[in-house]
Amino acid sequence: MDLFDTIALPPENAENLLQGLNPQQAEAVRHADGPLLILAGAGSGKTRVITHRIAWLISRGGVRPSAILAITFTNKAAAEMKSRVEELVGPESQYMWIGTFHSMMIRILRRFADRVGYERSFAIIDTDDQQKVVKNCLAELNLPEKTFAPKAVHSAISSAKNDLVGVEEYARLAGNDYRLGKIAAVYRLYQERLRKSNSMDFDDVLYESVRLFKENPDVLSEYQERFRYILVDEYQDTNHAQYQLVHLLSARHRNLCVVGDDDQSIYSFRGANIQNILDFEKDFKGCKVIKLEQNYRSTGNVLDAANAVIRCNKGRKAKKLWTSEGAGEPITFLRAENHSEEGRYIAGEISRMVTRPGSCQRYRDMAILYRLNALSRNLEAALREHGIPYRIFGGMRFYDRKEIKDVIAYLRLILIPSDDLSFDRIIQVPKRGIGETTVEQVVAIAAREGLSRLDVCARAAHYPELARPAARLQQFAEMIDRLRDKLMINDLGFAEYIEYVENESGLIQEIIDQREKSRENDPVDRIENLKELLSDAVEFENGRRQLREMAESGELAPEDRDLLTDDLFSVLSSFIERAALYSEMDEDRENQDYVRLLTIHSAKGLEFGTVFLIGAEEGLFPGYRANESEAAIEEERRLAYVAITRAKRKLYITTARSRLVFGQTQSMPVSRFVRDIPDQLIEEIGGSRLGDNRLGGYSDEGGFGYAHGRSGDLPGRVTQTPAARFAGTPSVSFPGAPAAGRPVSAAPAATSATRAAEPMDLRKGDQVRHAKFGLGRITSLEPVAGDAIVVIEFQSGETKRLMARMAKLEKI
DNA sequence: CCTGTTAATTTTTTT
DNA sequence: AATTAACAGG
């Protein structure tokens, strides 16, 4: 075809793209037109193939970068792919579309929002909000949460959307079934609510995209035409809606390349359909299939173990990973007495490996993987005791933290006064003398009058039933108005504006006050998180500026026109959108030297020299819930396969005979997956993985002799390293020291937002003047996040706790 | 209206 | 064990 019209790079340069690739990889890179399925086993150089293929299309095939669409599942994967392609083809790669399903479809949906009945400025709501809306709907329909668990109802709605089953069809399918009928009613109300507040949840983004394309042939046609080449990574994790999107978009040119590994499909619980990859050959008759089976990551033993485990699954494409590497070290299996012994052993092994004379092992090349987040807790004590720097991933995401979500809700309500969801979140935060009954009345009036809840507050005096709290409600509405005016005046930097909101809203003061009361030092310092949000805002503003400069110098996709404006309003709008789509994993700076603790799910796609897989016990892994179905066990087995194949050189698998599960000490048998690993690959410590599955937590073996390590049995010795404070209390010297709370994003706390204030040399005992409270004396000073909380006794007799910078203190 | 108490409830995760 | 929701009392 017209593939080789233009040659953008010298041919010899293009040929370089094939260098160092094995025949299958090279074939995948060179494949010209038509559907292509790449079955890429773990560690088979998948990312390399995708990036080289894109580069090949551009430099050798003369394909315009803007005609290429590459879809990944995470922002992190997208960012990595982007930078690796850029290395290969240079700056023109910026015109490619690389992103997640959601980020790309949101761009398209904003452009055509009116076609699916939304305002262009629609908001994306997160899981928390979704749950809340479901609860509200249940309450309104008088359905007891006892029989209709919000979580279950929400997940039913979510899967319906993922399967492209709309409200009407769901109701039809429910038929006369009482329960399904009620869920259908919740579904209907839920959608109504979201639409009224101009919000979409994550599932809607996909559902509405499919609808947009199906109902608007002109729109579909434009994008079909534009994307001549489409690549989808992690195809085994696509759900039905994503499958439809890919099929719709690629129907014109049929240049669809999907990459995946059915053995690594571990997201069925969120709608991923493994059948999508298994059936690709049926969907695209005559497609090219390329298997990448040579593994470049792991040693022979690790790979053999992985193969042995996954072999037990039925319903998978036949393949077998191999390596030209040697067998390497045996896998070490530990049968510990309990979790503390397990932790001590691991910590001992880590410090032994790192501190051994001449060792080139680094903390950063090690990871501890587990099935459940709860298991990470046990390890912390042991790691800290040994002075091992570590970082726990997962659990709470930064943007999911309460204090962050509160600020975001303020910002959203400022932007969109009709955002009732945000209103609900912050009307009582901080406490302002508005209680449950008042809120209920406001909600009722808003519904009756067809006004937004904020509007009702502003006009509270008009309603007799709100007579008593009217002043407070109006005050709240006025504050939001004031903040909006400030936004429109546009005289602050972006981060400065957010800081302004954090203070004016009273959120900061509220945290200070609460801290006074419970004076337990929060392990997660909420003030520090709020400061961190400011650093993020600075970074965001800078990134956006760069992007705009790039965009101005070249062609601009219609979806990106809003980049041209840089007033506070539009910067804030896109910042809020990013907050909904952004997770902490996205910002793991890889060169930091610490051990990583993560779930197996979040370890997918990563690799480590040494991997510790902990808690390999029946009931935990596979989880007790998996026993209900064969399919669930198979998914757990794939999870085990993913875990094992993360290891490059050395794999440890550890178990405890007894463990605290849900506050109860239980006796834990060895996981069936471990028993599938052949004897010759494994070295056992502390007991056999085969026998010894008797019940009863007590064992008379009395621990174990460490086969190769001494440090484990020296619990008394504490090595102090600076890194130990990664998980400990943040220590910040005031003024001007960087925050230590989140080591990964060690952006200095002195952002442009906070730089305005000079570093003050305040001390306990200093006399100060405050604009409002007058003269006073500092009775205590606690550094926090490059600022400080000061307690001041004023001459009036009052004692106040304030943020030093915001208080604008004058030293006397 | 707010705050302190008891009772109940537990995968995995991204977007 | 630990977090979180419902509930009673100031």
Side-chain angles (χ1 to χ4, degrees), chain A residues 71-78 99-106 124-128 130-132 135 144-146 149-151 155 158 161-162 200-207 209 234 237-239 241-242 265-272 339 369-378 393-397 399-400 402 428 430-440 468-469 472 514 517-518 523 577-586 598-605 615 619-628 632 635-636 638-640 642-643 659-665:
Chain A
I71 305 173
T72 62
F73 267 80
T74 64
N75 292 308
K76 189 185 178 201
T100 62
F101 272 103
H102 294 264
S103 67
M104 288 182 315
M105 293 312 152
I106 288 170
I124 307 296
I125 67 165
D126 64 27
T127 324
D128 254 31
Q130 292 175 44
Q131 209 93 262
K132 269 186 205 155
K135 279 190 175 176
E145 293 193 3
K146 239 333 195 269
K151 240 176 100 186
S155 114
S158 175
K161 289 187 204 171
N162 285 152
M200 288 192 196
D201 64 21
F202 292 122
D203 306 313
D204 288 326
V205 171
L206 301 176
Y207 182 90
S209 303
E234 307 282 12
D237 288 331
T238 48
N239 60 36
Q242 291 164 327
S265 166
I266 54 175
Y267 282 110
S268 73
F269 66 89
R270 67 175 204 224
H339 68 79
L369 308 185
Y370 33 82
R371 175 69 237 265
L372 271 76
N373 272 127
L375 288 184
S376 66
R377 207 166 273 282
N378 300 153
F393 287 83
M396 185 63 86
R397 294 188 316 172
Y399 283 96
D400 284 345
K402 227 186 269 126
Q428 291 162 297
K431 301 267 140 58
R432 49 170 66 84
I434 296 171
E436 216 50 59
T437 39
T438 306
V439 174
E440 270 168 37
R468 205 178 317 206
R472 290 188 287 265
Q514 276 182 10
K517 247 191 318 203
S518 66
E577 171 170 323
R578 190 195 68 143
L581 300 174
Y582 193 78
S583 76
E584 209 166 345
M585 269 298 273
D586 296 339
L598 20 78
T599 63
I600 301 167
H601 280 93
S602 41
K604 188 162 82 143
L620 228 49
F621 190 24
Y624 66 100
R625 297 180 107 114
N627 279 326
E628 285 152 30
E635 178 140 327
E636 296 278 309
R638 291 193 290 271
L639 206 46
V642 169
R659 191 185 291 279
L660 225 55
V661 182
F662 299 142
Q664 210 94 52
T665 304

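Quick note on labels: first sequence line is chain A, next is B, and so on, each numbered from 1. This structure is a prediction, so every number in the text was calculated from the model and none was measured.
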Considering only [options], which nucleotide approaches the side chain of [X] most closely?
X       : options                   : answer
T74(A)  : dT13(B), dT14(B), dA1(C)  : dT14(B)
H102(A) : dT13(B), dT15(B), dT12(B) : dT15(B)
E145(A) : dT13(B), dC1(B), dA6(C)   : dA6(C)
T438(A) : dT9(B), dC1(B), dT3(C)    : dC1(B)
R270(A) : dT9(B), dT14(B), dT3(C)   : dT14(B)
R371(A) : dC2(B), dT14(B), dT12(B)  : dT12(B)
K135(A) : dT13(B), dC1(B), dA5(C)   : dA5(C)
T599(A) : dT14(B), dT12(B), dA6(C)  : dT12(B)
F269(A) : dT12(B), dC1(B), dT15(B)  : dT12(B)
L372(A) : dT13(B), dA6(C), dT12(B)  : dT12(B)

If you compare all heavy atoms of [X] against all heavy atoms of [Y], which two are closest, and at what distance to 0.1 Å?
X       : Y       : answer
L206(A) : A241(A) : CB-CB, 3.9 Å
T72(A)  : A77(A)  : CB-CB, 3.9 Å
G99(A)  : A78(A)  : CA-CB, 3.9 Å

| message | Given the structure, check if the side chain of T127(A) and the base of dT15(B) hold any donor-acceptor pair shorter than 3.5 Å. | response |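 Such a pair is found, so the answer is yes.
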
| query | Counting only side-chain N and O atoms of K151(A), is one of them less than 4.0 Å from OP1 or OP2 of dT11(B)? | reply |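 It does, given that an N or O in the side chain of K151(A) lies less than 4.0 Å from OP1 or OP2 of dT11(B).
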
| said: Does dT13(B) have its OP1 or OP2 closer than 4.0 Å to a side-chain nitrogen or oxygen of N373(A)? | reply: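 N373(A) to dT13(B) OP1/OP2: side-chain N or O found under 4.0 Å.
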
Base, sugar-phosphate or nothing for [X]? Non-hydrogen atoms, less than 4.0 Å.
X       : answer
K604(A) : nothing
D237(A) : nothing
G433(A) : sugar-phosphate
Q242(A) : nothing

Spacing between [X] atom [atom1] and [N] atom [atom2], to the nearest angstrom:
X       : N       : atom1 : atom2 : result
I71(A)  : dT15(B) : CD1   : P     : 14 Å
Y624(A) : dT10(B) : OH    : C1'   : 7 Å
Y370(A) : dT11(B) : OH    : P     : 16 Å
I125(A) : dT14(B) : CD1   : P     : 18 Å
Q664(A) : dA1(C)  : CD    : P     : 9 Å
Y267(A) : dT13(B) : OH    : P     : 7 Å
E635(A) : dT12(B) : CD    : C1'   : 9 Å
L206(A) : dT14(B) : CG    : C1'   : 11 Å

| field | Value rounded to 0.5 Å, distance of CG in L598(A) from CG in L369(A) | value |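 The CG atom of L598(A) sits 6.0 Å away from the CG atom of L369(A).
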
| message | Please check this pair: side chain of E635(A) against backbone of S268(A), looking for a donor-acceptor N/O pair closer than 3.5 Å. | response |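 Present.
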
| request: Without swapping roles, check the side chain of Q664(A) against the backbone of V661(A) for a donor-acceptor pair under 3.5 Å. | output: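 Between the backbone of V661(A) and the side chain of Q664(A) there is no qualifying donor-acceptor contact (under 3.5 Å).
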
| query | Once the angle between the rings of H601(A) and F269(A) is folded into 0 to 90°, is it parallel (under 30°), tilted (30 to 60°) or perpendicular (over 60°)? | reply |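 Answer is perpendicular, since the angle exceeds 60°.
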
| field | Comparing G435(A) and H601(A) on DNA chain B - which has the more 5′ nearest nucleotide | value |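 Per heavy-atom nearest nucleotide, the more 5' residue is G435(A).
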
| field | Of R432(A) and L639(A), the one whose closest DNA chain B nucleotide lies more 5' | value |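 Looking at the nearest nucleotide for each, R432(A) comes out on the 5' side.
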
